[in-house]
Peer 1: 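Okay, here's the structure, questions in a sec.
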Amino acid sequence: MSAKLINGLEIAKKRREEMKQKVSELKKEGITPHLTVILVGDDPASKSYVSGKEKAAKEIGISSEVIHMVADATEAELLAKISELNHDADVHGILVQLPLPSHIDENKVIEAIDPNKDVDGFHPINVGKMILNQDTFLPCTPHGIIKLLEAIDCDLEGKHAVVVGRSNIVGKPMGQLLLNRNATVTYCHSRTKNLKDLTKMADVLIVAVGKAHFIDASYVKEGAVVIDVGVNRLEDGSLTGDVHFDSVKEKASFITPVPKGVGPMTITMLMENTIKAAMRLR
Ligand code: GUN
């Protein structure tokens, strides 16, 4: 079998067109959705993600601002900035780009963000609501992956979904969103024994480990849907996923490329969350 490509860029573009319409309706009502991103330090990958967010916001008509704090900014300075934004009625969404420098407590920072402005869906209140399957801001990468699966009409009901990776940003919420759609979910991680035995059982295999080409065809069941969340830079400067695309595409029924697979959907879902936050003011 040669897999069909899941074109995240095209699917994201379509959603962004729909969003433009929604934003222009909101503007007619005097509401311009506004996202504030806080970037601490100069990590090149973080800078590049943040500029991608700014570009997408501009394209859709969302107003956005990046607050750049120096790498040795204190935790107290960051918390004070978040408090200021929490109280600013013109700011609908707040995102603090992760990872933060090691002298800043990430959990404290996430908990300081007003849950009604937490467009990342990382605040414990929003994580709790997600687990309870209540309406809330859903974390952008896993939510974007659900939308990709919907776009290819992948019915998750009763399917065995295997998630490789258990980060708070991707793996953990991914499993929960799949469970909320009645998939049977297995979480795998760095301590999992017999990883291959488990991944070979997957109808839907989601890989988010941050290791280039970690999953090759020998880990994949014939006909599986394979979603690659990894973005790894090779020595030649090119980007590649956690999945060995060339071998896995011969076995899977659908596969996401890297780049232009999951990435564009993550940013798109952030914009959707920002619009959702602004719409609460209606
Ligand atoms: N760093 C990598 N992914 C993300 C994300 O989705 N949100 C934030 N805030 N930081 C990240």
Side-chain angles (χ1 to χ4, degrees), residues 8 12 35-57 62 64-69 71 73 75 78-79 81-82 85-86 91-102 104-127 130 136-148 163 165-177 206-211 227-233 239 241-242 256 258-259 261-274 276-277:
L35 171 69
T36 297
V37 175
I38 303 180
L39 174 64
V40 185
D42 294 299
D43 176 59
S46 289
K47 274 177 143 172
S48 149
Y49 290 139
V50 167
S51 72
K53 287 164 188 169
E54 273 191 293
K55 211 172 127 202
I62 291 174
S64 76
E65 176 197 16
V66 178
I67 297 175
H68 194 176
M69 299 178 79
E75 184 179 283
L78 177 55
L79 293 174
K81 183 48 80 182
I82 291 169
L85 297 169
N86 283 343
V91 174
H92 305 113
I94 303 169
L95 179 144
V96 178
Q97 186 64 33
L98 303 177
L100 288 167
S102 58
I104 298 179
D105 182 342
E106 223 158 77
N107 288 329
K108 233 179 178 172
V109 169
I110 290 169
E111 287 181 37
I113 298 170
D114 179 345
N116 293 309
K117 298 189 178 191
D118 167 38
V119 285
D120 256 331
F122 292 168
H123 191 287
I125 287 197
N126 290 326
V127 175
M130 174 192 66
T136 190
F137 297 117
L138 297 176
C140 301
T141 299
H143 192 201
I145 291 169
I146 293 287
K147 295 298 171 193
L148 288 179
V163 181
R166 54 168 159 180
S167 69
N168 289 341
I169 293 180
V170 183
K172 282 186 205 164
M174 186 72 254
Q176 189 60 51
L177 295 187
I206 300 188
V207 190
V209 291
K211 289 183 186 156
I227 305 288
D228 189 351
V229 187
V231 183
N232 309 290
R233 201 168 284 280
L239 292 179
D242 293 348
T256 56
V258 175
V262 172
M265 283 304 279
T266 296
I267 296 187
T268 302
M269 301 324 287
L270 174 66
M271 299 304 137
E272 290 201 12
N273 278 348
T274 304
K276 185 183 174 92

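Given the structure is predicted, the values throughout are model-derived calculations rather than measurements. For ligands, and for the atoms within them, numbers begin at 1 and follow the listed sequence.
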Peer 1: Give the numbers and elements of all ligand 1 atoms closer than 4.0 Å to a heavy atom of Val96.
Peer 2: 8 (C), 9 (N)
Peer 1: For the 3.5 Å polar cut-off, considering only N or O atoms, please tell me whether Gln97 and ligand 1 meet it.
Peer 2: yes
Peer 1: Going by heavy atoms in the side chains, are Pro259 and Pro264 under 4.5 Å from each other?
Peer 2: no
Peer 1: So which protein heavy atom does atom 4 (C) of ligand 1 come closest to, and at what separation?
Peer 2: Ile169 CD1, 4.1 Å
Peer 1: Any idea which heavy atoms bring Met271 and Leu35 closest together, and the distance?
Peer 2: CE-CD2, 4.1 Å
Peer 1: Hey, is Tyr49 one of the residues with a heavy atom under 4.0 angstrom from ligand 1?
Peer 2: no
Peer 1: For ligand 1, which atoms, with element, lie under 4.0 Å from some heavy atom of Leu95?
Peer 2: 9 (N)
Peer 1: So, the side chain of Asn86 versus the backbone of Ile113: is there a donor-acceptor pair under 3.5 Å, distance only?
Peer 2: no
Peer 1: Check whether any side-chain N or O of Lys53 sits under 3.5 Å from a backbone N or O of Leu270 as a donor-acceptor pair, and report yes or no.
Peer 2: no
Peer 1: Is a side-chain N or O of Asn273 found less than 3.5 angstrom from the main chain of Gly93, in a donor-acceptor match?
Peer 2: no
Peer 1: Which residue holds the protein heavy atom closest to atom 10 (N) of ligand 1, what is that atom called, and what is the gap in Å?
Peer 2: Leu98 N, 3.0 Å
Peer 1: Among protein heavy atoms, which lies nearest atom 9 (N) of ligand 1, and at what distance?
Peer 2: Asp120 OD2, 2.6 Å
Peer 1: Look only at the side chain of Lys47 and the backbone of Asp42, and say whether a donor-acceptor pair between them is shorter than 3.5 Å.
Peer 2: no
